[in-house]
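Following: one structure in structure tokens, then a few remarks.
Model, not experiment: these values are computed from the prediction. Below, all heavy atoms of this structure are taken into account, side chains as well, without hydrogens, waters or symmetry copies.
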Amino acid sequence: MSESSSIPTYRGRRLLVLAVLSLAGLALVARAVDLQVVRKDFLQGQGDARYSRVVSEPAHRGMITDRLGEPLAISTPVDSVWANPQELILARDSWPQLSRVLGLKRGVLARQLAAKRDKEFMYLKRRVAPGLAQKVMALEVPGVALLPEYKRFYPAGEVTAHVVGFTNVDDEGQEGMELVYDARLKSIAGAKRVIKDRIGRVVENVERVSEPQPGEDIVLSIDRRLQYLAYRELKAAVKSHRADAGSVVILDVRTGEVLAMVNQPAYNPNNRSKLKSSHLRNRAVTDVFEPGSTIKPFTVAAALETGRFNSNTVVDVRPGYLKVGRKTIRDFRDYGVIDVSTILQKSSNVGASKLALSISPEHLWQVFASVGLGADSGSGFPGEPSGLLTDFGAWHDIQRATVSYGYGLSVTAMQLARAYAALASDGRPLPVSFLRRSEAQAAELASLYEPVLSENSLRKVRRMLERVVEEGGTGTRAAVPGYRIAGKTGTVKKSGAGGYVEDSYLALFAGLAPASDPRLAMVVIIDEPRGEEYYGGAVAAPVFSRVMAGALRMLDIPPDNVNPDASQRLAFLGGKQ
Ligand code: 59J
């Protein structure tokens, strides 16, 4: 009984199981229909909302520092706002808000989007302020995202503009050291696989595809303190003399390193929106000029080397002019019968010419060439001209004479500074360097040069150049209290298309300090001073004095003129009145 009655119970159970299974099957079918048919669009959207992508991971460009490690160019991380045009084009409702926040004109945005509608990437705004980046992301506009990048910043601004140069928006060097050492400074972006959400935000890092490689740091020879000082004094002088332009170069005579190089006019590399191309010019390296009287020490050195002249050899420069062929060489006034030392001290064109005419053209040329005149300074700057020193074979008497006092040849400020440095460093013109250089490296370089000038002649020339800065010399205003200065003034008529131009001058001063054992060579050029004063001794020498005084102090170079009655100090006080 119990058995027979149990049969239907089993059947019922079987039915129940069947029913449950069928229901489950039905539910699955329904679910499938729901997912694949009813909610298809929604789900597909969700699937697309998280996607994996390989994105580039920027690395920073190398830093440029001065010789003491002070930053002159650094890359700081910033965000750029970009969009996938294909997505943003569909989110038309968000355009007004987006363009308002980004500060873009609506029409411009629409036009840019239309132009890029086939692309998957476009910048909306590069290198934005952090606040703005957050505001944009808060809008949650589909297809708009941030891209980490780096922005170049120049802490010393216009003070180092011509040395350091700048990069373009793609971080490529355009000018100066940024251009010269671009390959070393350049970084290599890495790549990583990430998961991004619907609006392009990275929600997960998956894997590194390649490592980002930052660029190499570059240490310059520049001393930022000297650079600032030279900049300030040059700018003030160009302004007060209402000059067109100017340059200052300071070299370490032992190593050939450029410790400072400044030009006026300059520009702010951090804001180049109103940049004029004339301000871009690195005049100290790219502009050539006739060096005029600043070349006379090399003429005197050539004369001494013949053994036929000494500092006190007398030369008759009367009556203040000298006829050479059909031309007349003139002095500022008639200096009478003077010695070689006084030729430099008073800057006699006639005296220099007489020395030159009594030595062989080949020898004069050789001495000029041996100190690097008419040759590339080795600065490595793009666009450095080699200057001009024509071959002595083509020199007639008039060329022999005019070359001796600085006309008919042309140099850059950098080349002139290098030639003066050679007057101090055994007559060897080390190629100049904008990179820090050790004394050992410099010594190795020096061994490649055969000095043409003897130490004996060089010492005599330096001693004569001290007299230029002493009472009775043309350069008294270059004096630096506490130090002996060796230097030379120059006032050069500028030449134009039709010959030499009246009332258009370069005021120059080139010199060495401390004269007893020179460490620094410096050249100051003021281009077309328009005030009452225009002589090198009046316009350029005071700049030399102020910059050299500061440089010697900053570099802890001990004074070599401690006697308060020393002639240069008296000259300095006299020159100020
Ligand atoms: C000078 C020249 C031009 C080129 C002359 C400057 C010549 C010359 C043809 C007249 C001003 C001026 C090849 S002068 O530098 O002698 O620095 O303190 O430009 O002589 O022959 O009204 N410098 N300068 N000469 N040309 N050609 C002196 C001198 C120099 C001084 C002053 C006054 C010239 C002492 C220059 C200075 O040493």
Between E528 and R530, is a salt bridge (charged side-chain N to carboxylate O under 4.0 Å, His left out) present by the stated rule, with each step listed? CA-CA 6 Å; E528 285 211 49; R530 287 202 178 74; 3.3 Å; yes

Separation between CD (E471) and CD (Q345), nearest 0.5 Å, reads 9.5 Å

With E470 as reference, evaluate R463, K346, R484 under the salt bridge (charged side-chain N to carboxylate O under 4.0 Å, His left out) test and give the passing residue. R463

Interatomic spacing from CG in L388 to CG in L373 - rounded to 0.5 Å: 11.5 Å

Give a yes-or-no answer on whether the side chains of Q227 and T160 include a donor-acceptor pair shorter than 3.5 Å. no

If you measure only the distance, is there a donor-acceptor pair under 3.5 Å linking the side chains of S293 and S347? yes

Can E175 and Y267 be counted as having a side-chain donor-acceptor contact under 3.5 angstrom? no

Contacts satisfying salt bridge (charged side-chain N to carboxylate O under 4.0 Å, His left out) that involve residues 540-563 (not counting sequence neighbours) are E233-R546

Crowded around E444 CD? As in, over 12 foreign heavy atoms under 6.0 Å? no

Is there a salt bridge (charged side-chain N to carboxylate O under 4.0 Å, His left out) between R61 and D182 once you walk through the steps? CA-CA 9 Å; R61 185 176 171 83; D182 190 51; 2.8 Å; yes

Crowded around K151 NZ? As in, over 12 foreign heavy atoms under 6.0 Å? no

Taking Y483 for its side chain and I557 for its backbone only, find out whether a donor-acceptor pair lies under 3.5 Å. yes

Would you find a donor on one side and an acceptor on the other, under 3.5 Å apart, between the side chain of Y150 and the backbone of D171? no

Distance in Å, I343 CD1 paired with K296 NZ, rounded so as to fall on 0.5 Å steps: 9.0 Å

Under 6.0 Å between ring centres, would you say that holds for F298 and Y420? yes

For the pair R462 and E455, find out whether any cationic side-chain nitrogen is under 4.0 Å from an anionic carboxylate oxygen. yes

Does the side chain of D376 pick up a donor-acceptor pair with the side chain of S386 at under 3.5 Å? no

Check this for me, if you would: do D527 and K494 make a salt bridge, where the nitrogen-to-carboxylate-oxygen distance has to be below 4.0 angstrom? yes

Report the C-alpha separation of D517 and R254 in whole Å, then their side-chain angles, then the decisive distance to 0.1 Å, and conclude whether the salt bridge (charged side-chain N to carboxylate O under 4.0 Å, His left out) test is met. CA-CA 11 Å; D517 181 16; R254 295 179 179 173; 3.6 Å; yes

Check whether N263 reaches the backbone of A284 with its side chain - one donor and one acceptor, N or O, closer than 3.5 Å. yes

Spell out, as yes or no, whether a donor-acceptor pair under 3.5 Å connects the side chain of R437 to the backbone of E257. no

Would the distance check show the side chain of S221 and the main-chain N or O of V258 forming a donor-acceptor pair, the cut-off being under 3.5 Å? yes

Carefully, step by step, assess L72 and V163 under the rule side chain to side chain contact (heavy atoms under 4.5 Å, CB included). CA-CA 10 Å; L72 300 179; V163 176; 5.9 Å; no

Ring centroid separation F332 to Y535 under 6.0 Å: yes

Please determine whether a side-chain nitrogen of the Lys or Arg among D252 and R436 lies less than 4.0 Å from a carboxylate oxygen of the Asp or Glu. no

